[in-house]
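What follows is a set of notes on a single structure, which appears directly below.
Just so you know, residue 1 is the first one in the sequence shown, and it goes up from there.
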Amino acid sequence: MSELIPVNQTRATLGEGPIWYNDRLYWVDIVLRRVYIYEPQSDTQRSIQLDSMVGTVVLRSGGGLVVALQSGFAFIEEESGAVTPIADPESDLPNNRFNDGKSDPTGRFWAGTMALSGGGTSGALYTLETDGRVTRRLGGIGISNGICWSQDATTMYYIDSPTQHVAAFDFDPETGEISRRRVVVEIPKAEGLPDGMTIDERGFLWIALWGGWGVVCHDPVTGRRHAKIDVPAAHVTACAFGGEELGELYITSARDGLSEQDAREQPYAGGLFRTNVGVRGVPSFTYRG
């Protein structure tokens with residue numbers, strides 16, 4: 001495992017949702033309402049400023065981006081930043097917002113919600129189908145967070161952060177139906193809140209720990225922890241494999257929720273980091289609608 005490297009000078013208020021496509025890393029600052037596009041080859045980054053909080057971003061196979069905003073699902077034209085709303089499944093819940101999400105192997109866009117306060121269980125998990133319909137998949141969610149799929153596309157892994165665990169579901173790629181929920185990884189409260197998540201080529205899960213100063217790697221078959229990456233920020237939010245042959249792990253973090261003193265003591269909080277963990281990731285899926 002190589003040294004953890006700060007990628008650039010960006011200090012996000014609430015960095016989230018890193019995902020790798022076409023030699024670029026896309027990630028967001030939820031609070032500042034920005035989508036960042038980082039290009040490692042030139043070490044440059046640009047941003048798209050939005051009018052609504054943005055929980056996550058994925059690439060659209062037909063061109064452009066798809067985002068989950070506080071105001072619902074929307075398309076974004078990558079060069080101009082033009083936004084085209086699609087659907088808002090929670091227009092009746094103004095105190096909720098979208099949080100994390102990804103596209104599945106069949107091209108649906110999964111994203112979940114949470115209360116702005118971070119409390120309660122008013123959140124839900126939705127899919128934006130490839131024909132533009134929205135389907136509610138789960139309800140009673142506290143903080144909808146990390147999501148990924150096994151390489152054979154038969155298992156979906158999902159984090160509702162306050163539960164302190166990763167759940168697995170049987171997954172039907174054709175219909176998107178999920179069933180047989182079970183707990184595969186448990187995170188003790190003293191070690192942080194499970195947040196964003198990705199999967200490597202072995203099928204191991206890499207889980208960011210909010211309040212836990214790092215990212216942990218677990219085998220979802222045994223539940224056993226295999227590694228921890230220490231990060232110089234308490235609030236680690238998400239991770240994604242990228243770089244050449246998906247051999248690097250990118251990690252996002254946040255300044256949100258830190259006291260003034262904590263922020264002074266954590267100059268890298270809100271930063272984007274990368275490291276080589278000795279294993280490769282798997283390609284990210286695009287939205288096919």
Side-chain angles (χ1 to χ4, degrees), residues 7 15-30 35-41 45-46 48 54-68 73-76 78 98-112 125-130 144-159 166 169 171 173 176 178 195-208 215 217 220 237-252 272-277 279-289:
V7 170
E16 257 286 6
I19 197 158
W20 181 266
Y21 296 109
N22 301 333
D23 298 325
R24 296 174 173 180
L25 186 83
Y26 296 79
W27 60 296
V28 304
D29 187 328
I30 295 174
V35 174
Y36 290 112
I37 305 168
Y38 173 66
E39 299 191 36
Q41 290 183 345
Q45 179 171 274
R46 66 185 183 89
I48 300 172
V54 52
T56 192
V57 58
V58 297
L59 204 69
R60 187 183 183 192
S61 58
L65 308 172
V66 194
V67 289
F73 293 104
F75 295 134
I76 296 181
E78 189 170 333
F98 269 96
N99 199 44
D100 207 353
K102 289 188 181 78
S103 291
D104 72 20
T106 312
R108 300 175 195 87
F109 181 23
W110 293 68
L125 180 63
Y126 299 92
T127 50
L128 177 65
E129 309 295 328
T130 55
S144 190
N145 243 315
I147 189 168
C148 57
W149 290 265
S150 61
Q151 285 200 68
D152 65 4
T154 62
T155 304
M156 185 183 91
Y157 300 103
Y158 175 64
I159 293 172
V166 180
F169 296 82
F171 176 72
I178 52 175
D195 204 314
M197 173 175 61
T198 193
I199 192 167
D200 68 28
E201 62 184 356
R202 304 167 299 178
F204 287 11
L205 303 175
W206 294 79
I207 305 159
V215 173
C217 173
T237 55
C239 52
F241 284 95
E244 186 176 352
E245 297 184 338
L246 301 176
E248 295 177 312
L249 189 71
Y250 283 85
I251 301 168
T252 54
L272 176 67
F273 307 89
R274 73 172 169 232
T275 185
N276 187 310
V277 295
V279 65
R280 295 173 184 168
V282 297
S284 301
F285 305 109
T286 59
Y287 174 64
R288 297 183 192 172

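Of the possible donor and acceptor atoms, one in the side chain of Thr106 sits under 3.5 Å from a partner among the backbone N and O of Pro173. Put simply, the side chain of Asn22 never gets that close to the backbone of Arg24: no donor and acceptor are under 3.5 Å apart. A donor-acceptor pair is defined here as one N or O able to donate and one able to accept, closer than 3.5 Å; such a pair exists between the side chain of Lys102 and the backbone of Ile147. Under the 3.5 Å distance criterion, the side-chain polar atoms of Ser150 are matched with a main-chain donor or acceptor of Thr155. In this structure a side-chain-to-backbone donor-acceptor pair under 3.5 Å is present from Tyr21 to Phe285.
The side-chain heavy atoms of Tyr38 and Val7, taken from C-beta on, include a pair separated by under 4.5 Å. Looking at heavy atoms from C-beta onward, Tyr36 lies out of side-chain contact with Val28 at the 4.5 angstrom threshold. Residues Leu246 and Pro283 form a side-chain contact, since some pair of their non-hydrogen atoms from C-beta on lies under 4.5 Å apart. Taking the side chain as every heavy atom from C-beta outward, Phe241 and Trp20 never approach each other to under 4.5 Å. Contact of the Val215 side chain with the Val277 side chain is not registered, since no non-hydrogen atoms from C-beta on lie closer than 4.5 Å. Using a 4.5 Å heavy-atom cutoff, the side chains of Leu205 and Tyr157 are in contact. Side-chain contact between Leu59 and Leu65 is present, with at least one heavy-atom pair separated by less than 4.5 Å. When side chains are defined from C-beta on, Arg274 counts as touching Pro40, because their heavy atoms get closer than 4.5 Å.
Here CD1 of Ile207 is found 8.5 Å from SG of Cys148. Values are rounded to the nearest 0.5 Å. Distance SG/Cys217 to CD1/Ile199: 10.0 Å, rounded to 0.5 Å. Separation of atoms OG (Ser144) and CG (Leu125) is listed at 5.0 Å; rounding is to 0.5 Å. If you take CD1 on Ile48 and CD on Glu78, they are separated by 6.0 Å, rounding to the nearest 0.5 Å. For the atom pair OH of Tyr287 and OG of Ser103, the computed distance is 8.5 Å after rounding to the nearest 0.5 Å. One finds the OG1 atom of Thr56 at 6.5 Å from the CD1 atom of Ile19 (value rounded to the nearest 0.5 Å).
Between Ala111 and Ala68 the shortest heavy-atom distance is CB-CB, 3.8 Å. Heavy atoms only, all atoms of each residue included: Gly196 and Asp100 are closest at CA-OD2, 3.7 Å. In terms of heavy-atom proximity, Ser61 sits nearest to Thr286 at CB-OG1, 3.5 Å. Pairing each heavy atom of Arg108 with each of Thr130, the nearest pair is N-CG2, 4.3 Å. Residues Arg280 and Gly247 share a closest heavy-atom pair of CG-CA, 4.3 Å. Considering all non-hydrogen atoms of both residues, Asp152 and Thr154 come closest at OD1-OG1, 2.8 Å.
Using modelled atom types, one finds a donor on one side chain and an acceptor on the other under 3.5 Å when comparing Gln45 with Trp27. A donor-acceptor contact under 3.5 angstrom links the side chains of Thr252 and Thr237, judged on distance only. Between Asp104 and Trp149, the side chains place no donor N or O within less than 3.5 Å of an acceptor N or O (distance only, hydrogens not considered).
Ion pairing between Glu129 and Arg288 fails under the 4.0 Å rule for side-chain N and carboxylate O.
Under the 30°/60° scheme for interplanar angles, the aromatic rings of Tyr158 and Phe169 are found to be tilted.
Between Phe73 and Tyr126, the ring center distance fails the sub-6.0 Å criterion.
Screening Leu128, Val66, Val67 for a side-chain contact (heavy atoms from CB on, under 4.5 Å) with Val58, the sole residue that qualifies is Val66.
Geometrically, Arg60 engages Phe75 in a cation-pi contact defined by less than 6.0 Å to the ring centre and at most 45° from the axis.
In this view, Glu201 satisfies the salt bridge (Lys or Arg N to Asp or Glu O under 4.0 Å) rule with no residue, not counting sequence neighbours.
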